[in-house]
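Only heavy atoms go into these numbers, but all of them, side chains included; no hydrogens, no water, no symmetry mates. Quick caveat, the model's predicted, so the values are computed rather than measured.
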Amino acid sequence: MRYKQSIMSISTIVLALCLLVTVLLGGWQMPPAYATVSGYSEALDDLQGDIEFSIDDYPSNTSDYSIKLIQIAESTNKELFVYTYQPSQLTKYLVATQINMSLTESADKTKLYGLTLLSCNGVFCKYKVNDFTIGTQISRYYNITSIYREWDLSIDKGTGNDNTKNAVAFAVGKLYKATTLNGTVTYSCTGIETIQIINPYADYLEYSNGFKLSPNWCHSHYVAFSTDKKIDTLMEADVSYVRRSASRVTGIGLKGDAKYENPTQEIAELDGEQKGGNAADGWFSKKYEWERIQSVSEFIAKENLKDETKANLESKQWVLRFVETEISMITGQGTTVTFWTDISQVTVLRLKFVTDGKVYNLGAVSDKVTGDNMPGNNNTNEFAGLLEWLSRLTNIPEWALILIAVVIVLVILMPILSIFCPVLGQVLVWIFKILGKSFVYLSKGVWFLICLPFKAIKALFQKIKDSKGGG
């Protein structure tokens, strides 16, 4: 009996060791214990309410870390639920965070909606769409482009550049229609086309706004990318990003840690007619302007970029310059306070473009990325020359400013030249007389042209008056 017990004990130990080796070598994890949020039904129970649903169509797959949206539902409490199939969920716990959704049949006005996990059953999960209330229309549309989850170092690839990847997007490409008739809601679903954003790259360029007591600079934020579809002309784009006000105090004995205010998620709606630029409101400031939507080749040609920036733009096709922010510095009593705006989690939501003469308006499937917080250009402290700066302030061409300066200098020097070089002085007097008469004649000519239409109108009224008097 003791011999059999010993054999069983050894067998148990060997089995445990084998299981441990399997876990360590295979990366297998114990399935997490899922809890349904109180007051909500479970994911699988809801899905099995559809007679066409079959659990066999959704097998577990330990190497598939995607999240696939398979169904939606409206609740009696005006909430919207989305249901997902997550193939690796039994071995790798993943949570969807947001969806890119429009409430119209097209991708217009698409934006990101947060998700709250309510329950999981095996590979199936149920989420509530945050800050969302079902509309009162008879027919309601849910145009869902993509679904996001957080980037995971253990399973996801990095950016391959100086960017940080924040979230991974998976294509959905489904248009759901919910219709209420006689108190009953029915659903229909059709597939829609999307466009894939390939390896987006976020960065900014820095431009000085000129000499000031409290200097500041303009940060022009952009995202560069290529796509899985040919684009001849990019007409419009929507870019989502997270914005935070930030500050840092530096000086003797200070750590200089950055302080951030509450973040806000914003969307930049861009079109090909829009332009951006720096304030250029300081002394000797150089004015920069740019188009919101540019090709990468145009962007590189017009900007003084660092070599590493150019390298990161290789193989990319388009640049979206989606927002400008300001960085400023205040110095006093041994400390310097720096204020700036932090831009992060950049993702493209929609592109409208022309290919082979046809216009497309598609939701974009794009990962979220954050730049390295270093300017990508060399000319961060470039200033304008005196003539360029004065010309921009006065709206007088540079050649005219030069002519004015020459005339002023000659007027100042004329008395001196008349004494030491009478001939030259007489020549200058003669030149000024000609210029003076030319100016008088020019002024009279301009005044004549200004008055000419009014004289014509006066003559017309006089002719009408005379004709009435003659009648």
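No donor-acceptor contact under 3.5 angstrom links the side chains of Thr341 and His219, judged on distance only. Thr227 and Lys229 share no side-chain donor-acceptor pair at under 3.5 Å. The closest side-chain donor-acceptor pair between Ser214 and Asn216, if any, does not fall under 3.5 angstrom. Between the side chains of Thr159 and Asn161, a donor-acceptor pair is found at a separation under 3.5 Å. Between the side chains of Gln294 and Tyr222, not a single donor N or O lies within less than 3.5 Å of an accepting N or O. Between the side chains of Tyr241 and Glu266, at least one donor-acceptor pair of N or O atoms lies under 3.5 Å. Side chain to side chain, Asn381 and Ser208 fail the donor-acceptor criterion of an N or O pair below 3.5 Å. Residues Ser154 and Lys92 bring a donor and an acceptor atom of their side chains to less than 3.5 Å of each other.
The main-chain N or O of Leu305 is found under 3.5 Å from a side-chain atom of Asn378 such that the two form a donor-acceptor pair. Under a 3.5 Å cut-off, the side chain of Thr84 and the backbone N or O of Gln86 do not form any donor-acceptor pair. For Arg248 (side chain) and Gly256 (main-chain N/O), a donor-acceptor pair under 3.5 Å exists by modelled atom type. In terms of modelled atom types and a separation under 3.5 Å, the side chain of Asn278 and the main chain of Tyr288 share a donor-acceptor contact. Panel note: side chain Arg140, backbone Ile138; a donor-acceptor pair is recorded below 3.5 Å. With Ser240 contributing its side chain and Thr347 its backbone, the two residues share no donor-acceptor pair below 3.5 Å. Looking at Asp342, its side chain never comes within 3.5 Å of a backbone N or O of Arg244 through a donor-acceptor pair. Under the 3.5 Å distance criterion, the side-chain polar atoms of Asn209 are left unmatched by any main-chain donor or acceptor of Gly282. Ser102 places a side-chain N or O within donor-acceptor distance of the main-chain N or O of Asp108, the cut-off being under 3.5 Å. Panel note: side chain Asn377, backbone Leu205; no donor-acceptor pair is recorded below 3.5 Å.
Salt bridge annotation for Glu79-Lys128: present, with a cationic side-chain nitrogen under 4.0 angstrom from a carboxylate oxygen. Salt-bridge check for Lys306 with Asp203: failed, with every basic side-chain N at 4.0 Å or more from each acidic carboxylate O. Residues Asp46 and Lys126 are paired through a salt bridge, judged by an N-O separation under 4.0 Å between the basic side chain and the carboxylate. Looking at Asp257 and Lys259, no side-chain N of the basic residue comes within less than 4.0 Å of a carboxylate O on the acidic one, giving no salt bridge. With respect to Lys302 and Glu291, no salt bridge is recorded, no charged nitrogen being found less than 4.0 Å from a carboxylate O. Electrostatic pairing of Asp271 and Lys352 does not count as a salt bridge here, judged by no charged N lying under 4.0 Å from a carboxylate O. Here Lys368 does not pair with Glu150 in a salt bridge; the nearest charged N to carboxylate O distance is not below 4.0 Å. Look at Lys109 and Glu269 and you find a salt bridge, because one of the NZ, NE, NH1 or NH2 atoms lies within 4.0 Å of a carboxylate O, short of that distance.
The side-chain heavy atoms of Asp228 and Ile195, taken from C-beta on, include a pair separated by under 4.5 Å. Counting heavy atoms from C-beta on, the side chains of Tyr201 and Asn199 never come closer than 4.5 Å. In this structure, Leu44 and Glu42 have side chains that are not in contact, with every pair of non-hydrogen atoms separated by 4.5 Å or more. Contact annotation: the side chain of Ser220 approaches that of Trp290 to within less than 4.5 Å [non-hydrogen atoms, C-beta and beyond]. Put simply, the side chain of Val129 reaches to within 4.5 Å of the side chain of Ile99, judged on heavy atoms. Contact annotation: the side chain of Leu320 approaches that of Ile293 to within less than 4.5 Å [non-hydrogen atoms, C-beta and beyond]. Side-chain contact between Leu313 and Phe299 is present, with heavy atoms from C-beta onward closer than 4.5 Å. Looking at Tyr85 and Pro59, their side chains come closer than 4.5 Å, going by heavy atoms from C-beta outward.
Put simply, CZ on Phe81 and CD1 on Ile72 are 11.5 Å apart, with the number rounded to the nearest 0.5 Å. Rounding to the nearest 0.5 Å places OH of Tyr260 at 11.5 Å from OG of Ser245. Rounded to the nearest 0.5 Å, atoms CZ (Phe322) and CD (Gln274) are 13.5 Å apart. Considering CZ of Arg292 and CD of Glu236, their distance stands at 14.5 Å, rounded to 0.5 Å. Taken to the nearest 0.5 Å, the CE atom of Met101 stands 12.5 Å off from the CG atom of Leu349. Here the CG-OH distance, from Asn130 to Tyr113, works out to 11.5 Å after rounding to the nearest 0.5 Å.
Across Gly173 and Thr194, no two heavy atoms sit closer than the pair CA-CG2, 3.8 Å. Here the shortest heavy-atom pairing between Gly277 and Cys218 reads O-SG, 4.4 Å. Residues Val123 and Pro87 share a closest heavy-atom pair of CG1-O, 3.8 Å. Minimum heavy-atom separation, Glu105 to Asn143: O-ND2, 2.8 Å. Across all their heavy atoms, Ser88 and Tyr65 have their closest contact at OG-CD2, 3.4 Å. Nearest heavy-atom pair across Ala107 and Gly363 is CB-N, 3.6 Å.
Residue pairs meeting the ring-ring contact (aromatic ring centres under 6.0 Å, His included) criterion with at least one member in residues 344-374, sequence neighbours excluded: Phe353-Tyr360. Identified under the ring-ring contact (aromatic ring centres under 6.0 Å, His included) test for residues 133-159, with sequence neighbours left out: none.
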Dump the intermediate steps for ring pair (Phe, Tyr, Trp, His ring centres under 6.0 Å) on Phe53 and Tyr58, then the final yes or no.
CA-CA 10 Å; Phe53 174 82; Tyr58 304 95; 5.6 Å; yes
Assess whether side-chain contact (heavy atoms from CB on, under 4.5 Å) is satisfied between Arg149 and Val95, documenting all intermediate values.
CA-CA 6 Å; Arg149 65 163 171 79; Val95 178; over 6 Å; no
Criterion side-chain contact (heavy atoms from CB on, under 4.5 Å) on Ile231 and Gln317, from CA distance to verdict:
CA-CA 9 Å; Ile231 297 178; Gln317 300 166 328; 5.5 Å; no
Check the pair Thr97 / Leu115 against side-chain contact (heavy atoms from CB on, under 4.5 Å), numbers first and verdict last.
CA-CA 5 Å; Thr97 54; Leu115 300 175; 6.0 Å; no
Does Gln98 form a side-chain contact (heavy atoms from CB on, under 4.5 Å) with Gln265? I'd like the steps, not just the answer.
CA-CA 12 Å; Gln98 290 178 313; Gln265 185 170 284; 3.0 Å; yes
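Heavy-atom neighbours of Lys111 NZ from other residues, nucleotides or ligands within 6.0 Å: at or below the threshold of 12. Within 6.0 Å of the NZ atom in Lys157, the count of heavy atoms belonging to other residues, nucleotides or ligands does not exceed 12.
Aromatic ring centroids of Tyr204 and Trp340 lie 6.0 Å or more apart.
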